[in-house]
Each structure stands twice: as C-alpha cells, then as structure tokens.
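Labels below follow one simple rule: chain letters A, B, ... track the order of the sequence lines, proteins then strands, and each chain is numbered from 1.
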Protein chains: 2
Amino acid sequence: MTGQVRTVDGRVAGRRGQETRQKLLDCLREMLSTSPYRDVKVIDVARMAGTSPATFYQYFPDVEGAVLEIAEEMAEDSAGLKELVDGKSWAGKTGYATSEELVDGFLAFWRKNDAILRVVTLGAAEGDKRFFKIRMKVLNSVVSPLTEAVKANQGKTDKTVDPAAVSGALVSLLASAAEHSKAFTSWGVKVKDLRPNLALQVYLGVTGKKPPK
Amino acid sequence: MTGQVRTVDGRVAGRRGQETRQKLLDCLREMLSTSPYRDVKVIDVARMAGTSPATFYQYFPDVEGAVLEIAEEMAEDSAGLKELVDGKSWAGKTGYATSEELVDGFLAFWRKNDAILRVVTLGAAEGDKRFFKIRMKVLNSVVSPLTEAVKANQGKTDKTVDPAAVSGALVSLLASAAEHSKAFTSWGVKVKDLRPNLALQVYLGVTGKKPPK
DNA sequence: ACGGTAAGCTGACGGCATGACAGGACAAGT
DNA sequence: ACTTGTCCTGTCATGCCGTCAGCTTACCGT
C-alpha cells in the first residue's frame, strides 16, 4: 500500500538495504535520546551503525528526513491510544478508573517515545507542517474520542463549555506533564502523586463532577 | 550586582564592545524566530550583525551560550507575571476577571518570547539543568502565587487536591496552549474562543466552582 | 556454471562552519 | 606623539556536509 522503500536516487531497496536503513534509524533513535537534537550529526549516526555517512545519504535526505521517518512510525503506534477512551464508561467509580487508565497509558506512551516526541514538539512549535501533522495525529488519537466522551457527559443544559476545547486542554496538559514531569517534582509534587492528580483533573474535566470516594 | 560583562578570554568589555555584544544577541534573537534552532549558525548571526564569526566567539562560547544569555534576560522579565496573581481576588465576577487577565497576560508574554521559549523548553526537556532552571523561573513566577491562591480558596474540608499540583497543571496548560495554539485551532476552537475557555479552566481549578454569569 | 543487471557501499572531494590565535585598528589619557 | 588596553578580523587547522564515480555483492535467467 505504502509503495516500496526507495533510496534517495530512486533505486528499490532490497532485503539488505532495508536492514541497513533500519539500523540507521535505530541508531538515530538512540542518538536522539542521548544527545541534544542540535548536536546529532550524520557522521555519528553512521559510525554507530558501522557504516559511512554516504550510506546514510542514500536512504535519507538529511537528519530531519530520517527523524520524520521515525516520527511517522511512532504516530502509527499512537493509534492504539484510542482504546484508552473508546467505549469506556465515565460513570462513578468505573469512570474514575477509566480516567486513571487513560493517564497511565498516555504517560507511558509519551515516555516510551520521549526523545522523538521532543523533536516533533519542537518542529511543530517552529511551524513545520510535517511535524505539526504528526503531532496532531498523536494527540488526536486521544482528543477525538475524548471529545465525544465530554459531549456525552455534559448535560444539554450546560453550553458554556466547548467539548473540543476541554478535551484539547486535558490532552495538552497530559503531554506537558509527561514531557516535563521534573517540573512537577520541583513544585513538590511527588512522582507517585502526579498520576492521581492528573487523573482527577481529567475526571473533573470530562464529567464536571468530583470523583466518588 | 551581576559583575562586569566579560569576554570569553577574560577581558572587560567596554562601551563599544557591549554594543557589538548586544547587537549579536539581537540578531540571534531574530534568527531564532525565523529559522529552526537546529539551523541557526554562528556565521549567519555574525553576518547579520555586520561582523565576523571570530567576534561572536569573543563574547560567547557557542550558540547555546548566547541563547542562554537571551533566555536569562527573558527570565528576569518574567518576574512581572507575578502581578497577574499577587493580591488579586478570586471571588465572584472579580475572580473571573482575575482569571481572564491571568490568561491574557501569560499568553501575551509567551507569544512575545515564543522563539526563545521554544528553545528553553527543548533544552529543559532534554535534561539540560541550565535551561530547566530558567524555565522553572518563568513558570514559578505564576505557579508560586497561584498555589497560594488555590490554598486560600479550597476549604479545609477538601484535601483531595494538592494545591501545587493544580497550580502547576494550570500553568503547564497555559504554556502548552500558548506554544501550540494552532493545535486548538485545528480542533475547531477559534482563536477568539481559546481565551475564555482557558480562563474557565483556570477559574475552575482555583476556586473549584463554576463561574458566575 | 556463467554472465548480466541492479542493489549496496565507500573513498574521495569541494564546500562550508567551527573555534583559536596573533596582529592590526582604534579610542582615551598623558 | 606615545602608551595602554579594548576591539575587531584575517587566517588557519580541523571537522562535518553532501555528492559522485566506481567498486563489490547479491540475485536471476539461461
């Protein structure tokens, strides 16, 4: 469906080629999580992969191009986050459990992919449409179903709140908390306490009620 | 108080030197807001300032060093954000106005400094302590007084909520919304509607009540 | 087995950015 | 005019970027 993997100069990549390509991506991933994005050099990635810079340029136009590749792969993965909200109940204790699981699942996903997500976030903030699109895909995997949940849970009476805005704000908060959990620590919020606090916020935002004891 | 401005090799900078230094910082600021952080080169900054790369290296160890300088300057400025919360009332309509002004003031500050804040946020996320500290200084200028406000407004009965966590979450949300307002737009939240929605969230978080009509 | 064809890799190269230094230009006081 | 210390830049070694030609390797049909 996605067509064959091709090199920059148009050749079709075979088994061996795809292996090297993948190894380069893996090494880049690792580089991203160990050194600042600004300092990631093609030559280092190539060295780590046991190959030469020229080989890197066979498969990717530049570092950014390879990063986009990794990011897109991660965005595919993010589709699984939908299950954290889809078809879940928000009533009573079950609802609070839903909230906790959502927070857990989202934080886990973000932390697992923190290095690449940092770069995606930067790119999106800088106005790069490709990174923006990828970031939206990840966030939307939760925002979309969550918006529906908010709509379903707010009575027809209460029209002061825009469901999309609430849902977007909650997910933005989760993303921010995942990326900068150290900030919360420095505010005196223990790592253990972060999760329930976020879960509370989410529950409150979706249902508009305080959670049951 | 902050001692004299010095060059990398220890000389004391005079009038002319400080001017060049400042011009370099200004140009770097501009570069940051027009091109991706990864692509900002010393040679470009120097050229824009009408000088040579060697001059740049007289005043700063590298691009990052100069960026830190700009960031620290901005962090000083952020102290003014305190006034958005300090001594303000959170009761009734006045309280909602406080909330709106806080949102407005914070978003305005973030947007005014968006380029440098992007880099600070990235650095903090990457675990760089210097950037982390600067980011905390900016956020704390609001989080500190806001935490007090939350404490004062939550009855002694309600101990489920950690004031620091709530306050931190609200400010994180504001920062995220400021940095990625385009995301909200793409969720169908109009730019005009973003402000009141955030104000609502803040008011709710601080007082625990729905705002008065 | 053999040769043809396309994939795969790298050495080498020009170009550009980095970062250091020494020396020259400049301003200010004597 | 001379001295002193500030300020700037030409120059250079080093290292990364990004490209290309050309060599090696794997696959396939006969």
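Distance, B:Arg6 CZ to D:dG5 P: 14 Å, rounded to whole Å. Taking atom OH on B:Tyr59 and atom C1' on D:dT9, their separation rounds to 12 Å, with Å as the unit. Remark: P of D:dG18 and CD of A:Glu64 are 11 Å apart, rounded to the nearest angstrom. What separates CZ of A:Arg15 from P of C:dG8 is a distance of 9 Å, to the nearest Å. Put simply, NZ on B:Lys23 is 14 Å from P on D:dC7, counting in whole angstrom units. When rounded to the nearest whole Å, the span between CZ of B:Arg16 and P of C:dA25 equals 13 Å. If you measure from atom CD of A:Glu19 to atom C1' of C:dA7, you get 13 Å, rounded to the nearest angstrom. Atom CD in B:Gln18 sits about 13 Å away from atom P in D:dT6, given to the nearest Å.
The aromatic rings of A:Phe60 and A:Phe56 sit tilted relative to each other, their planes meeting at an angle between 30° and 60°.
Screening A:Leu102, A:Leu170, A:Leu84 for a side chain to side chain contact (heavy atoms under 4.5 Å, CB included) with A:Val142, the sole residue that qualifies is A:Leu102.
Distances shown here put every side-chain N or O of A:Thr7 at or beyond 4.0 Å from the OP1 or OP2 atom of C:dG8. OP1 or OP2 of C:dC9 sits under 4.0 Å from a side-chain N or O of A:Thr20. B:Thr51 has no side-chain polar atom (N or O) that falls below the 4.0 Å cut-off from OP1 or OP2 of D:dC8. Note on A:Thr55: every side-chain N or O is 4.0 Å or more away from OP1 and OP2 of C:dC9.
B:Ala199 pairs by the side-chain contact (heavy atoms from CB on, under 4.5 Å) definition with B:Tyr96, B:Ser99, B:Glu100, B:Val103, not counting sequence neighbours.
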Pull out every protein N or O sitting under 3.5 Å from an N or O of nucleotides 14-21 of chain C, one pair per line with the distance.
| residue | atom | partner | partner atom | Å |
| --- | --- | --- | --- | --- |
| C:dT18 | OP1 | B:Val42 | N | 3.2 |
| C:dT18 | OP2 | B:Val42 | N | 3.3 |
| C:dT18 | OP2 | B:Ile43 | N | 3.2 |
| C:dG19 | OP2 | B:Tyr57 | OH | 3.0 |

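For the pair A:Ser52 and B:Gln58, nearest-nucleotide mapping onto DNA chain C gives the more 5' position to A:Ser52.
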Using the rule given for side-chain hydrogen bond (donor to acceptor under 3.5 Å, both in side chains), can you reason through A:Gln201 versus A:Asn197, listing the C-alpha separation, both sets of side-chain angles and the distance that settles it, and then say yes or no?
CA-CA 6 Å; A:Gln201 301 266 345; A:Asn197 269 296; 5.9 Å; no
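Contact check for A:Tyr57 versus A:Val42: side-chain heavy atoms found under the 4.5 Å cut-off.
A salt bridge is defined here as a Lys NZ or Arg NE, NH1 or NH2 lying under 4.0 Å from an Asp or Glu carboxylate O, and B:Glu19 with B:Arg16 fails to meet this definition.
Open room surrounds NZ on B:Lys133; 12 or fewer heavy atoms of other groups in view lie less than 6.0 Å from it.
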